[in-house]
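Here is the naming used below: chain letters follow the sequence lines, and residue numbers restart at 1 for every chain. Note: hydrogens, waters and symmetry copies are ignored here, and every other heavy atom, side chains too, is used.
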There are 2 protein chains.
Amino acid sequence: MTVEEALQMLKEKGYKYTGKREEIIRICAEEKRYLSAKEIMERIKDQYPNLSFDTVYRNISTFVDLGILEQTELEGEGRFRLACSVGHHHHHLICTECGKTSSLSACPMNLLSVMPDDFQVTGHKFEVYGTCKECISHA
Amino acid sequence: MTVEEALQMLKEKGYKYTGKREEIIRICAEEKRYLSAKEIMERIKDQYPNLSFDTVYRNISTFVDLGILEQTELEGEGRFRLACSVGHHHHHLICTECGKTSSLSACPMNLLSVMPDDFQVTGHKFEVYGTCKECISHA
DNA sequence: CTTTTAAATCGGATACGTTCTGATTTACTA
DNA sequence: TAGTAAATCAGAACGTATCCGATTTAAAAG
(Lines give C-alpha, C1' and ligand atoms only; values in the text may rest on other atoms or scores of the structure.)
Protein backbone atom coordinates (compact mmCIF):
# COMPACT_ATOMS: atom_id res chain seq x y z
CA MET A 1 0.00 0.00 0.00
CA THR A 2 1.25 3.46 -0.82
CA VAL A 3 0.91 6.67 1.18
CA GLU A 4 -1.45 7.97 -1.49
CA GLU A 5 -3.67 4.91 -1.33
CA ALA A 6 -3.83 5.23 2.44
CA LEU A 7 -4.77 8.91 2.30
CA GLN A 8 -7.35 8.13 -0.36
CA MET A 9 -8.88 5.48 1.85
CA LEU A 10 -9.09 7.92 4.76
CA LYS A 11 -10.85 10.46 2.56
CA GLU A 12 -13.33 7.90 1.30
CA LYS A 13 -14.20 6.87 4.81
CA GLY A 14 -14.89 10.47 5.79
CA TYR A 15 -11.79 11.12 7.86
CA LYS A 16 -10.24 14.57 7.70
CA TYR A 17 -6.87 15.18 6.19
CA THR A 18 -4.18 16.34 8.60
CA GLY A 19 -0.47 16.73 8.11
CA LYS A 20 0.12 14.63 11.19
CA ARG A 21 -1.81 11.71 9.75
CA GLU A 22 0.07 11.90 6.50
CA GLU A 23 3.38 12.06 8.35
CA ILE A 24 2.59 9.00 10.47
CA ILE A 25 1.73 7.02 7.36
CA ARG A 26 4.76 8.37 5.52
CA ILE A 27 7.07 7.31 8.35
CA CYS A 28 5.62 3.81 8.30
CA ALA A 29 5.94 3.69 4.52
CA GLU A 30 9.64 4.47 4.61
CA GLU A 31 10.69 1.07 5.85
CA LYS A 32 9.64 -2.55 5.67
CA ARG A 33 9.74 -2.74 9.44
CA TYR A 34 7.49 -2.89 12.44
CA LEU A 35 7.77 0.35 14.43
CA SER A 36 6.62 1.05 17.95
CA ALA A 37 4.48 4.06 18.80
CA LYS A 38 7.51 5.46 20.58
CA GLU A 39 9.66 5.15 17.45
CA ILE A 40 7.01 6.86 15.38
CA MET A 41 6.90 9.66 17.96
CA GLU A 42 10.67 10.02 17.75
CA ARG A 43 10.71 10.35 14.00
CA ILE A 44 7.86 12.79 13.88
CA LYS A 45 9.42 15.11 16.45
CA ASP A 46 11.29 17.09 13.80
CA GLN A 47 8.14 18.20 12.06
CA TYR A 48 5.69 18.23 14.96
CA PRO A 49 7.67 18.69 18.19
CA ASN A 50 4.56 18.97 20.37
CA LEU A 51 2.63 16.03 18.98
CA SER A 52 0.84 14.27 21.81
CA PHE A 53 0.96 10.55 22.51
CA ASP A 54 -2.78 10.41 22.30
CA THR A 55 -2.80 11.63 18.72
CA VAL A 56 -0.31 9.01 17.64
CA TYR A 57 -2.07 6.17 19.43
CA ARG A 58 -5.52 7.24 18.30
CA ASN A 59 -4.49 7.56 14.68
CA ILE A 60 -2.53 4.32 14.69
CA SER A 61 -5.56 2.58 16.09
CA THR A 62 -7.77 4.05 13.36
CA PHE A 63 -5.27 3.01 10.71
CA VAL A 64 -5.19 -0.54 12.03
CA ASP A 65 -8.99 -0.67 12.01
CA LEU A 66 -9.03 0.47 8.39
CA GLY A 67 -6.34 -1.99 7.38
CA ILE A 68 -3.84 0.74 6.54
CA LEU A 69 -1.44 -0.51 9.18
CA GLU A 70 -0.69 -4.06 10.29
CA GLN A 71 -0.12 -4.66 13.96
CA THR A 72 1.90 -7.12 15.95
CA GLU A 73 3.44 -7.20 19.39
CA LEU A 74 7.04 -7.56 20.46
CA GLU A 75 8.22 -7.44 24.07
CA GLY A 76 4.89 -6.23 25.39
CA GLU A 77 4.81 -3.35 22.94
CA GLY A 78 2.51 -2.78 19.99
CA ARG A 79 4.37 -2.58 16.68
CA PHE A 80 3.06 -1.29 13.40
CA ARG A 81 3.88 -1.29 9.72
CA LEU A 82 2.19 -0.19 6.54
CA ALA A 83 0.00 -2.97 5.18
CA CYS A 84 1.81 -4.67 2.34
CA SER A 85 -0.69 -4.61 -0.48
CA VAL A 86 -4.42 -4.67 -0.77
CA GLY A 87 -5.97 -8.10 -1.14
CA HIS A 88 -2.78 -10.06 -1.09
CA HIS A 89 -2.72 -12.19 2.02
CA HIS A 90 0.61 -13.36 3.31
CA HIS A 91 2.77 -13.55 6.43
CA HIS A 92 6.07 -12.27 7.74
CA LEU A 93 9.38 -13.28 9.09
CA ILE A 94 10.17 -10.65 11.72
CA CYS A 95 13.47 -9.60 13.28
CA THR A 96 12.83 -9.42 17.00
CA GLU A 97 15.66 -6.92 17.40
CA CYS A 98 14.79 -4.21 14.90
CA GLY A 99 11.37 -5.19 13.55
CA LYS A 100 12.60 -5.69 9.98
CA THR A 101 10.41 -8.02 7.99
CA SER A 102 10.63 -10.43 5.10
CA SER A 103 7.59 -11.83 3.35
CA LEU A 104 6.53 -15.44 3.43
CA SER A 105 4.38 -16.57 0.56
CA ALA A 106 2.61 -19.47 2.25
CA CYS A 107 -0.42 -19.20 4.49
CA PRO A 108 -0.91 -22.18 6.79
CA MET A 109 -4.69 -21.79 6.75
CA ASN A 110 -4.78 -23.23 3.25
CA LEU A 111 -3.09 -26.33 4.53
CA LEU A 112 -5.38 -27.12 7.42
CA SER A 113 -7.57 -29.79 5.93
CA VAL A 114 -9.91 -30.35 8.85
CA MET A 115 -11.30 -27.42 10.76
CA PRO A 116 -12.98 -28.18 14.09
CA ASP A 117 -16.68 -27.47 13.81
CA ASP A 118 -17.02 -26.43 17.46
CA PHE A 119 -15.20 -23.15 16.80
CA GLN A 120 -16.24 -20.28 14.61
CA VAL A 121 -12.91 -19.14 13.22
CA THR A 122 -12.40 -15.37 13.18
CA GLY A 123 -8.73 -14.98 12.42
CA HIS A 124 -5.25 -16.35 12.64
CA LYS A 125 -1.67 -15.34 13.21
CA PHE A 126 1.41 -16.87 11.69
CA GLU A 127 4.71 -15.17 12.32
CA VAL A 128 8.24 -16.48 12.14
CA TYR A 129 10.72 -14.77 14.42
CA GLY A 130 14.43 -14.41 14.04
CA THR A 131 17.40 -12.10 13.89
CA CYS A 132 18.28 -10.34 10.67
CA LYS A 133 21.81 -10.23 9.25
CA GLU A 134 22.41 -6.65 10.35
CA CYS A 135 21.35 -7.35 13.94
CA ILE A 136 23.48 -10.49 14.10
CA SER A 137 26.57 -8.64 12.88
CA HIS A 138 26.46 -5.74 15.32
CA ALA A 139 25.36 -7.83 18.31
CA MET B 1 1.99 -32.39 31.15
CA THR B 2 0.67 -33.39 34.55
CA VAL B 3 0.92 -31.51 37.84
CA GLU B 4 3.29 -34.20 39.09
CA GLU B 5 5.58 -33.89 36.09
CA ALA B 6 5.69 -30.14 36.56
CA LEU B 7 6.56 -30.42 40.25
CA GLN B 8 9.18 -33.02 39.42
CA MET B 9 10.74 -30.67 36.91
CA LEU B 10 10.85 -27.86 39.47
CA LYS B 11 12.59 -30.14 41.95
CA GLU B 12 15.15 -31.28 39.39
CA LYS B 13 15.99 -27.72 38.53
CA GLY B 14 16.57 -26.90 42.20
CA TYR B 15 13.45 -24.88 42.87
CA LYS B 16 11.84 -25.21 46.26
CA TYR B 17 8.45 -26.75 46.74
CA THR B 18 5.72 -24.42 47.93
CA GLY B 19 2.01 -24.97 48.20
CA LYS B 20 1.44 -21.81 46.20
CA ARG B 21 3.46 -23.11 43.29
CA GLU B 22 1.60 -26.38 43.29
CA GLU B 23 -1.73 -24.59 43.45
CA ILE B 24 -0.90 -22.33 40.50
CA ILE B 25 0.05 -25.35 38.43
CA ARG B 26 -3.00 -27.27 39.62
CA ILE B 27 -5.31 -24.42 38.63
CA CYS B 28 -3.79 -24.32 35.16
CA ALA B 29 -4.07 -28.08 34.89
CA GLU B 30 -7.78 -28.08 35.60
CA GLU B 31 -8.76 -26.70 32.21
CA LYS B 32 -7.62 -26.72 28.63
CA ARG B 33 -7.77 -22.95 28.58
CA TYR B 34 -5.55 -19.92 28.60
CA LEU B 35 -5.92 -18.08 31.91
CA SER B 36 -4.83 -14.55 32.78
CA ALA B 37 -2.78 -13.85 35.89
CA LYS B 38 -5.85 -12.13 37.28
CA GLU B 39 -7.96 -15.26 36.80
CA ILE B 40 -5.32 -17.39 38.48
CA MET B 41 -5.30 -14.92 41.39
CA GLU B 42 -9.08 -15.17 41.65
CA ARG B 43 -9.08 -18.93 41.83
CA ILE B 44 -6.27 -19.12 44.33
CA LYS B 45 -7.90 -16.63 46.70
CA ASP B 46 -9.78 -19.39 48.52
CA GLN B 47 -6.65 -21.17 49.63
CA TYR B 48 -4.24 -18.25 49.83
CA PRO B 49 -6.22 -15.06 50.38
CA ASN B 50 -3.15 -12.86 50.83
CA LEU B 51 -1.15 -14.10 47.89
CA SER B 52 0.64 -11.19 46.28
CA PHE B 53 0.58 -10.34 42.60
CA ASP B 54 4.33 -10.49 42.52
CA THR B 55 4.36 -14.12 43.60
CA VAL B 56 1.94 -15.12 40.89
CA TYR B 57 3.74 -13.21 38.16
CA ARG B 58 7.18 -14.35 39.24
CA ASN B 59 6.17 -17.99 39.40
CA ILE B 60 4.28 -17.88 36.13
CA SER B 61 7.34 -16.36 34.53
CA THR B 62 9.52 -19.14 35.95
CA PHE B 63 7.09 -21.77 34.72
CA VAL B 64 7.07 -20.30 31.23
CA ASP B 65 10.87 -20.28 31.18
CA LEU B 66 10.93 -23.95 32.18
CA GLY B 67 8.31 -24.87 29.62
CA ILE B 68 5.75 -25.85 32.26
CA LEU B 69 3.35 -23.18 31.04
CA GLU B 70 2.67 -21.95 27.53
CA GLN B 71 2.07 -18.25 27.07
CA THR B 72 0.08 -16.18 24.63
CA GLU B 73 -1.45 -12.75 24.68
CA LEU B 74 -5.08 -11.70 24.28
CA GLU B 75 -6.25 -8.11 24.51
CA GLY B 76 -2.99 -6.80 25.89
CA GLU B 77 -2.97 -9.39 28.65
CA GLY B 78 -0.67 -12.34 29.15
CA ARG B 79 -2.50 -15.67 29.17
CA PHE B 80 -1.18 -18.98 30.35
CA ARG B 81 -1.96 -22.67 30.15
CA LEU B 82 -0.24 -25.88 31.16
CA ALA B 83 2.02 -27.09 28.38
CA CYS B 84 0.30 -29.89 26.53
CA SER B 85 2.84 -32.66 26.55
CA VAL B 86 6.57 -32.87 26.59
CA GLY B 87 8.23 -33.02 23.19
CA HIS B 88 5.08 -32.97 21.13
CA HIS B 89 5.04 -29.79 19.13
CA HIS B 90 1.71 -28.49 17.93
CA HIS B 91 -0.51 -25.40 17.82
CA HIS B 92 -3.85 -24.22 19.07
CA LEU B 93 -7.18 -22.88 18.05
CA ILE B 94 -8.05 -20.37 20.76
CA CYS B 95 -11.40 -18.91 21.79
CA THR B 96 -10.81 -15.18 22.15
CA GLU B 97 -13.71 -14.92 24.59
CA CYS B 98 -12.85 -17.53 27.21
CA GLY B 99 -9.40 -18.77 26.26
CA LYS B 100 -10.55 -22.33 25.57
CA THR B 101 -8.28 -24.20 23.23
CA SER B 102 -8.41 -26.98 20.70
CA SER B 103 -5.32 -28.64 19.30
CA LEU B 104 -4.18 -28.41 15.71
CA SER B 105 -1.94 -31.18 14.53
CA ALA B 106 -0.17 -29.36 11.73
CA CYS B 107 2.82 -27.09 12.18
CA PRO B 108 3.33 -24.68 9.29
CA MET B 109 7.09 -24.67 9.74
CA ASN B 110 7.27 -28.12 8.17
CA LEU B 111 5.60 -26.75 5.09
CA LEU B 112 7.84 -23.80 4.42
CA SER B 113 10.11 -25.15 1.73
CA VAL B 114 12.38 -22.15 1.31
CA MET B 115 13.71 -20.31 4.32
CA PRO B 116 15.34 -16.94 3.72
CA ASP B 117 19.04 -17.14 4.48
CA ASP B 118 19.30 -13.56 5.67
CA PHE B 119 17.45 -14.36 8.90
CA GLN B 120 18.47 -16.63 11.71
CA VAL B 121 15.16 -18.14 12.74
CA THR B 122 14.59 -18.35 16.48
CA GLY B 123 10.92 -19.17 16.80
CA HIS B 124 7.47 -18.98 15.37
CA LYS B 125 3.86 -18.49 16.34
CA PHE B 126 0.83 -20.01 14.72
CA GLU B 127 -2.52 -19.51 16.38
CA VAL B 128 -6.02 -19.70 14.99
CA TYR B 129 -8.55 -17.50 16.74
CA GLY B 130 -12.26 -17.96 17.01
CA THR B 131 -15.28 -18.24 19.25
CA CYS B 132 -16.16 -21.55 20.86
CA LYS B 133 -19.66 -23.02 20.83
CA GLU B 134 -20.35 -22.07 24.44
CA CYS B 135 -19.34 -18.44 23.91
CA ILE B 136 -21.40 -18.20 20.72
CA SER B 137 -24.51 -19.53 22.42
CA HIS B 138 -24.53 -17.24 25.42
CA ALA B 139 -23.43 -14.15 23.47
C1' DC C 1 15.69 -31.59 66.46
C1' DT C 2 17.93 -27.17 66.00
C1' DT C 3 20.49 -23.95 63.34
C1' DT C 4 21.57 -21.86 59.16
C1' DT C 5 20.91 -19.86 54.76
C1' DA C 6 19.41 -18.90 50.45
C1' DA C 7 15.11 -18.90 48.16
C1' DA C 8 10.35 -17.46 48.27
C1' DT C 9 6.92 -14.31 49.62
C1' DC C 10 4.84 -9.91 50.96
C1' DG C 11 2.94 -5.49 50.07
C1' DG C 12 3.72 -1.28 48.59
C1' DA C 13 5.96 1.54 45.32
C1' DT C 14 7.16 1.99 40.65
C1' DA C 15 7.46 1.55 35.66
C1' DC C 16 5.54 1.47 31.33
C1' DG C 17 2.37 1.37 27.46
C1' DT C 18 -1.91 2.86 26.54
C1' DT C 19 -6.43 5.20 27.00
C1' DC C 20 -9.49 8.69 28.83
C1' DT C 21 -11.07 13.53 29.75
C1' DG C 22 -12.28 18.10 29.02
C1' DA C 23 -10.64 22.22 26.83
C1' DT C 24 -8.88 24.07 22.56
C1' DT C 25 -7.83 24.14 17.74
C1' DT C 26 -8.57 22.91 13.03
C1' DA C 27 -10.42 20.95 8.56
C1' DC C 28 -14.11 21.03 5.91
C1' DT C 29 -18.99 22.57 4.64
C1' DA C 30 -22.83 25.41 4.03
C1' DT D 1 -16.90 33.75 6.02
C1' DA D 2 -19.17 31.45 9.75
C1' DG D 3 -20.51 27.22 11.74
C1' DT D 4 -19.75 22.46 13.09
C1' DA D 5 -17.97 18.23 13.94
C1' DA D 6 -13.61 16.12 14.03
C1' DA D 7 -8.89 16.29 15.51
C1' DT D 8 -5.52 17.60 18.74
C1' DC D 9 -3.52 18.81 23.17
C1' DA D 10 -1.83 18.23 27.94
C1' DG D 11 -2.20 15.90 31.66
C1' DA D 12 -4.61 12.63 34.52
C1' DA D 13 -5.86 7.98 34.91
C1' DC D 14 -5.65 3.17 33.94
C1' DG D 15 -4.00 -1.83 33.86
C1' DT D 16 -0.50 -5.02 33.50
C1' DA D 17 3.63 -6.14 35.06
C1' DT D 18 8.00 -5.50 37.68
C1' DC D 19 11.03 -3.83 41.28
C1' DC D 20 12.24 -3.10 46.10
C1' DG D 21 13.61 -3.91 50.87
C1' DA D 22 11.81 -6.41 54.76
C1' DT D 23 10.05 -10.75 56.35
C1' DT D 24 9.05 -15.59 56.17
C1' DT D 25 9.98 -20.28 54.95
C1' DA D 26 11.81 -24.69 52.70
C1' DA D 27 15.18 -27.64 53.11
C1' DA D 28 20.20 -28.49 53.81
C1' DA D 29 23.73 -28.79 57.43
C1' DG D 30 25.09 -29.68 61.97
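- For the pair B/Lys38 NZ and D/dC14 C1', the computed distance is 11 Å after rounding to whole Å.
- For the pair A/Arg81 and A/Leu69, the minimum side-chain heavy-atom distance is 4.5 Å or more.
- Atom CG in A/Asp54 sits roughly 17 Å away from atom P in C/dT25 (whole-Å rounding).
- Using a 4.0 Å heavy-atom distance criterion, B/Thr18 is classed as a sugar-phosphate-only contact.
- Comparing B/Gly78 and A/Arg58 by the nucleotide of DNA chain D whose heavy atom lies nearest to each, the residue mapping closer to the 5' end is A/Arg58.
- Nucleic acid contact class of B/Arg21 (heavy atoms, under 4.0 Å, all strands): sugar-phosphate only.
- Atoms OH (A/Tyr15) and P (D/dA7) sit 7 Å apart, rounded to a whole Å.
- For the pair B/Glu42 CD and D/dT16 P, the interatomic distance rounds to 12 Å; values are reported in whole Å.
- Within 4.0 Å (heavy atoms only), B/Phe53 reaches no atom of the nucleic acid at all.
- If you take NZ of B/Lys13 and C1' of C/dA7, they are 18 Å apart, rounded to a whole angstrom.
- Residue A/Lys16 places its side chain closer to D/dA6 than to any other of C/dC10, D/dA6, D/dG11.
- Of the candidates C/dT9, C/dC28, D/dT8, the closest approach to any side-chain atom of A/Lys20 belongs to D/dT8.
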> Do B/Tyr48 and B/Glu23 pass the side chain to side chain donor-acceptor pair (under 3.5 Å) test, and can you show the C-alpha distance, the side-chain angles, and the key distance before you say yes or no?
Replying inline: CA-CA 9 Å; B/Tyr48 301 99; B/Glu23 192 57 22; 6.0 Å; no
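- B/Tyr48 has its OH atom 15 Å from the P atom of C/dG11, to the nearest Å.
- At whole-Å resolution of the value, OH in B/Tyr57 and P in D/dA17 are 4 Å apart.
- Atom CD of B/Gln71 is separated from atom C1' of D/dT16 by 12 Å (rounded to the nearest Å).
- Distance from the side chain of A/Glu77 is smallest to C/dG17 among C/dG17, C/dG11, D/dC9.
- Side-chain N/O atoms of A/Asn59 include one lying less than 4.0 angstrom from OP1 or OP2 on D/dT8.
- Residues A/Gln8 and A/Glu12 bring a donor and an acceptor atom of their side chains to less than 3.5 Å of each other.
- Side-chain proximity of B/Thr55 to the nucleotides C/dT18, C/dC10, D/dT16 is greatest for C/dC10.
- Taking the six-membered ring for Trp and the full ring otherwise, A/His91 and B/His124 have centroids separated by 6.0 Å or more.
- A distance-only check finds no donor-acceptor pair linking the side chain of B/Thr101 to the backbone of B/Leu93 [under 3.5 Å].
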